[in-house]
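Scope of the values below: all heavy atoms of this structure, side chains included, with no hydrogens, waters or symmetry mates. A, B, ... follow the sequence lines: proteins, then strands. Residue 1 opens every chain.
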There are 2 protein chains.
Amino acid sequence: MVRRARSGQVGVVDLARELGVSTATVSRALNDSRAVRPELAERIRAHAHERGYVPNRLARALSASVSRAFVGFVVPYVDTPAYSAVAAECARLLSAGGTQMILTITENDPERELRQLRELTASRVAGLVISPSTHMLPESRELLASIPVVELHRASGITAPGVFSDDERVLDEAVGHLAGLGHRAIAYLGTPEALSNGAARLQGVRHAMGAAGLDPDAMAVHLAEPTPGNGRRGVDALLDARPAPTALLVVGGALSIGTAQRVRERGLRLPDDLSLVVYGDPVWFALSDPPLTTIRVSYSEHARRAAEMLTDLLGEDPDARPAPGPHLVVPELRVAGSTGPPRHG
Amino acid sequence: MVRRARSGQVGVVDLARELGVSTATVSRALNDSRAVRPELAERIRAHAHERGYVPNRLARALSASVSRAFVGFVVPYVDTPAYSAVAAECARLLSAGGTQMILTITENDPERELRQLRELTASRVAGLVISPSTHMLPESRELLASIPVVELHRASGITAPGVFSDDERVLDEAVGHLAGLGHRAIAYLGTPEALSNGAARLQGVRHAMGAAGLDPDAMAVHLAEPTPGNGRRGVDALLDARPAPTALLVVGGALSIGTAQRVRERGLRLPDDLSLVVYGDPVWFALSDPPLTTIRVSYSEHARRAAEMLTDLLGEDPDARPAPGPHLVVPELRVAGSTGPPRHG
DNA sequence: TTGAAAGCGCTAACAT
DNA sequence: ATGTTAGCGCTTTCAA
């Protein structure tokens, strides 16, 4: 049969022919196999470099029994710092190891998520970082069981290591802060209980209420998928209820963005009309007037941990593999001007 | 030779055997080739679906003469809305066409950029969206000439369609606004001239100064790579110079973020101590106190255009292919509270 | 319209 | 230590 149009690219066969060795030897030399005479290996590598040889990642990955050519990065959204910052950092760190990162957005849709997971395995990804959708399908769960996975922000109940924010602790602090200022009517805006972090946060804030001598059951609660739009709606729902809360605790990055917008639109003066605690990293929480009291989450730290864990998971050394389960990053309460004593205290 | 451990996955050979047809026919049916009897094709597709067949994208891409399995998305950073929003939207739109997006970060380093472009071609990407680094290497340029490319935000001088912001026009408006308020000492903080958008912006603002009856050469100028850190430093450099400017025009998203921070840190009251115009999309420019007068760029529009153009570029229809050269998205001046008459007018 | 078989570019088992 | 050769899973010639 006629050879298909050559891409003009040099391949192992070219190198082998040019050096008078076999393709196997070339392959070995290029993969740092010790089974090649060092000087020969060096000569091959030099020649490959000179000829501008770039191995075909597809062929390599298809052929090799194990390949680290690709990993998947699966998140519900990426236009919010919680995801974009982590995506960037992971792509960077992984590229150092010669791994390319395939980015997919689920939009928090379980069907879409499953489809994308299938497509990712079809691309023979070595592993993936995933921030599961709210109602992950059983098929997705099964699929994830068959491949190295690091969870991010949210847990889906699979056996895998994950990087999460240690919200419960800081919530004690935040609620204590508000209670200490004299607030009794504290409203809570958070993520749904169906989300692992939503459940943890709600539990944390309820516990914190009790610890602060307040009745958790009296606390106004609004839970919603983490989008800025839902943050806005949450503000309206909570502040329009009677009796109106004197303090609002928002636990969720995207929700906090919408909250800040909506609170401003409603013309509320902070902290006189309302004490506000938000959540996340955005630098601009500090630019607001007054600067917002924030539960600060270091997304860059999350990123570093996630990338490292995935790398270790894919590495040769079994001892370096991270244990399944949560690996927590501790957020920090930054008290600023948006919290103060209640006006009608 | 012994068959390697079967992955348990069904493949075309399995399907072919089970249906008593050849792998070629299966492949044809699965690829909607018209050269298969419709009912047979349907039967094959049904069976494939039933068996949960998922084609190996690597094998497909390796084998096929042309494949749309992967595209690359190459940007200097991704932790800023100008890139993260576009990345998300592109990944979403492309996945609809069965294409996966490989995300790579150059950190604006030309060497890193070249390496990543090589690796991307090694993955046989069908095309790519790129926001070139400031000093792209000739090798990178060559490489880009051999593959469908859409430029984003910045142009690198190659022959390719690109999506850019139409800054020159809006700068006339912005400078006119400031001049109309009585400002004569306007300082400009922007991106370097080595960056296509930097050159266009500087030219635009100089032209605008002239049009407003001001001397472009008297304008204080500070140019720097678009990072928040450089925005902060730029503020210091421009405001500490004497005579101090009464207005500051920042043209660059990342620079604007740093600017907003630094201006606040310096305790400046806007617009009394300084009139400030920033650039970008961030919702929080509106949350600042006072809300910042902003040159608003719709990154989501950029994203849509870029994804569409890449899709069309890769499509069958030659008539749908976007023409090389700039495709402009028009930003909009949003006057808010950070601009007013100069105090010492 | 279908099948047989040759690759895509590489790695890895087996033999030497 | 090196070569020979059989795949990886698919697409695509070529022949029928």
Side-chain angles (χ1 to χ4, degrees), chain A residues 1-17 19-44 48 51 53-70 98 119 121-124 126, chain B residues 1-17 19-44 48 51 53-70 98 119 121-124 126:
Chain A
M1 181 203 266
V2 181
R3 221 166 169 25
R4 283 187 219 173
R6 283 302 309 271
S7 52
Q9 297 267 22
V10 297
V12 281
V13 288
D14 301 291
L15 299 179
R17 185 171 20 77
L19 290 169
V21 298
S22 75
T23 61
T25 303
V26 172
S27 176
R28 289 188 188 107
L30 262 23
N31 289 288
D32 296 311
S33 161
R34 306 172 315 154
V36 189
R37 194 156 32 92
E39 69 169 58
L40 209 209
E42 192 40 60
R43 199 152 60 87
I44 293 174
R51 297 282 280 112
Y53 169 73
V54 183
N56 183 322
R57 301 177 65 107
L58 264 33
R60 215 209 263 273
L62 181 61
S63 171
S65 47
V66 47
S67 154
R68 242 151 276 164
F70 302 108
E119 290 297 331
T121 60
S123 291
R124 296 295 184 263
Chain B
M1 183 203 266
V2 181
R3 221 167 169 28
R4 285 186 217 170
R6 284 302 310 270
S7 52
Q9 297 266 22
V10 295
V12 281
V13 287
D14 301 290
L15 299 178
R17 185 173 18 77
L19 290 169
V21 298
S22 75
T23 60
T25 303
V26 172
S27 175
R28 290 189 187 106
L30 262 23
N31 290 289
D32 298 310
S33 160
R34 308 171 313 152
V36 188
R37 194 158 29 95
E39 69 168 58
L40 210 208
E42 192 40 60
R43 198 152 61 85
I44 292 174
R51 297 282 280 111
Y53 170 74
V54 183
N56 183 322
R57 300 177 66 104
L58 263 33
R60 215 209 263 272
L62 180 61
S63 170
S65 47
V66 47
S67 154
R68 241 151 277 163
F70 302 108
E119 289 298 330
T121 60
S123 290
R124 296 295 185 266

> What about A/Thr23: does its side chain form a donor-acceptor pair under 3.5 Å with the base of C/dG9?
Replying inline: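 There is none.
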
Of the listed nucleotides [options], the one nearest the side chain of [X]:
| X | options | value |
| --- | --- | --- |
| A/Val12 | C/dC10, D/dG3, C/dT2 | C/dC10 |
| B/Tyr53 | D/dC8, D/dT2, D/dC10 | D/dC10 |
| B/Ala64 | D/dT2, D/dT11, D/dC10 | D/dT11 |
| A/Ala59 | D/dT4, C/dC10, C/dG3 | C/dC10 |

>> Holding to side-chain hydrogen bond (donor to acceptor under 3.5 Å, both in side chains), I want the full list of residues that pass it with B/Ser27, two or more places apart in sequence or in another chain.
In response: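 Testing B/Ser27 for side-chain hydrogen bond (donor to acceptor under 3.5 Å, both in side chains), a comparison that skips the adjacent residues, returns B/Asn31.
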
Take atom [atom1] of [X] and atom [atom2] of [N], then tell me their distance rounded to the nearest Å.
| X | N | atom1 | atom2 | answer |
| --- | --- | --- | --- | --- |
| A/Glu42 | D/dA1 | CD | P | 16 Å |
| B/Arg68 | D/dT11 | CZ | C1' | 15 Å |
| A/Arg17 | C/dC10 | CZ | P | 13 Å |
| B/Asn56 | C/dC10 | CG | C1' | 14 Å |
| A/Leu62 | C/dG9 | CG | C1' | 9 Å |
| B/Arg124 | C/dC10 | CZ | P | 8 Å |
| A/Leu58 | C/dC10 | CG | P | 11 Å |
| A/Arg51 | C/dG9 | CZ | P | 14 Å |

Residue pair [X] / [Y]: nearest heavy atoms and the distance that separates them:
| X | Y | result |
| --- | --- | --- |
| B/Ala16 | B/Thr23 | CB-N, 3.7 Å |
| B/Val36 | B/Arg28 | CG2-CB, 3.4 Å |
| B/Arg57 | A/Ser123 | CD-OG, 2.7 Å |
| A/Leu15 | A/Tyr53 | CD1-CG, 3.7 Å |

>> Need one value for A/Leu40: base, sugar-phosphate or nothing, where a base atom within 4.0 Å counts as base even if backbone is also close, heavy atoms only.
In response: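 Contact class for A/Leu40: sugar-phosphate only.
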
> Looking only at side-chain N and O atoms, does B/Ser63 come under 4.0 Å of OP1 or OP2 in C/dC8?
Replying inline: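 Negative; the distance criterion is not met.
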
>> When you measure from the side-chain N and O atoms of A/Arg60 to the phosphate of C/dT11, is any distance below 4.0 Å, counting only OP1 and OP2?
In response: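 Yes.
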
>> Apply side chain to side chain contact (heavy atoms under 4.5 Å, CB included) to residues B/Leu19 and B/Ile44 and explain how you reach the verdict.
In response: CA-CA 8 Å; B/Leu19 290 169; B/Ile44 292 174; 3.9 Å; yes

> For residues 25-33 of chain A, which residues have at least one heavy atom under 4.0 Å from DNA chain D?
Replying inline: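 Here the set is A/Thr25, A/Arg28.
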
>> As a quick check of understanding, evaluate side chain to side chain contact (heavy atoms under 4.5 Å, CB included) for B/Leu62 and A/Asn56, giving each step before the final call.
In response: CA-CA 9 Å; B/Leu62 180 61; A/Asn56 183 322; 3.8 Å; yes

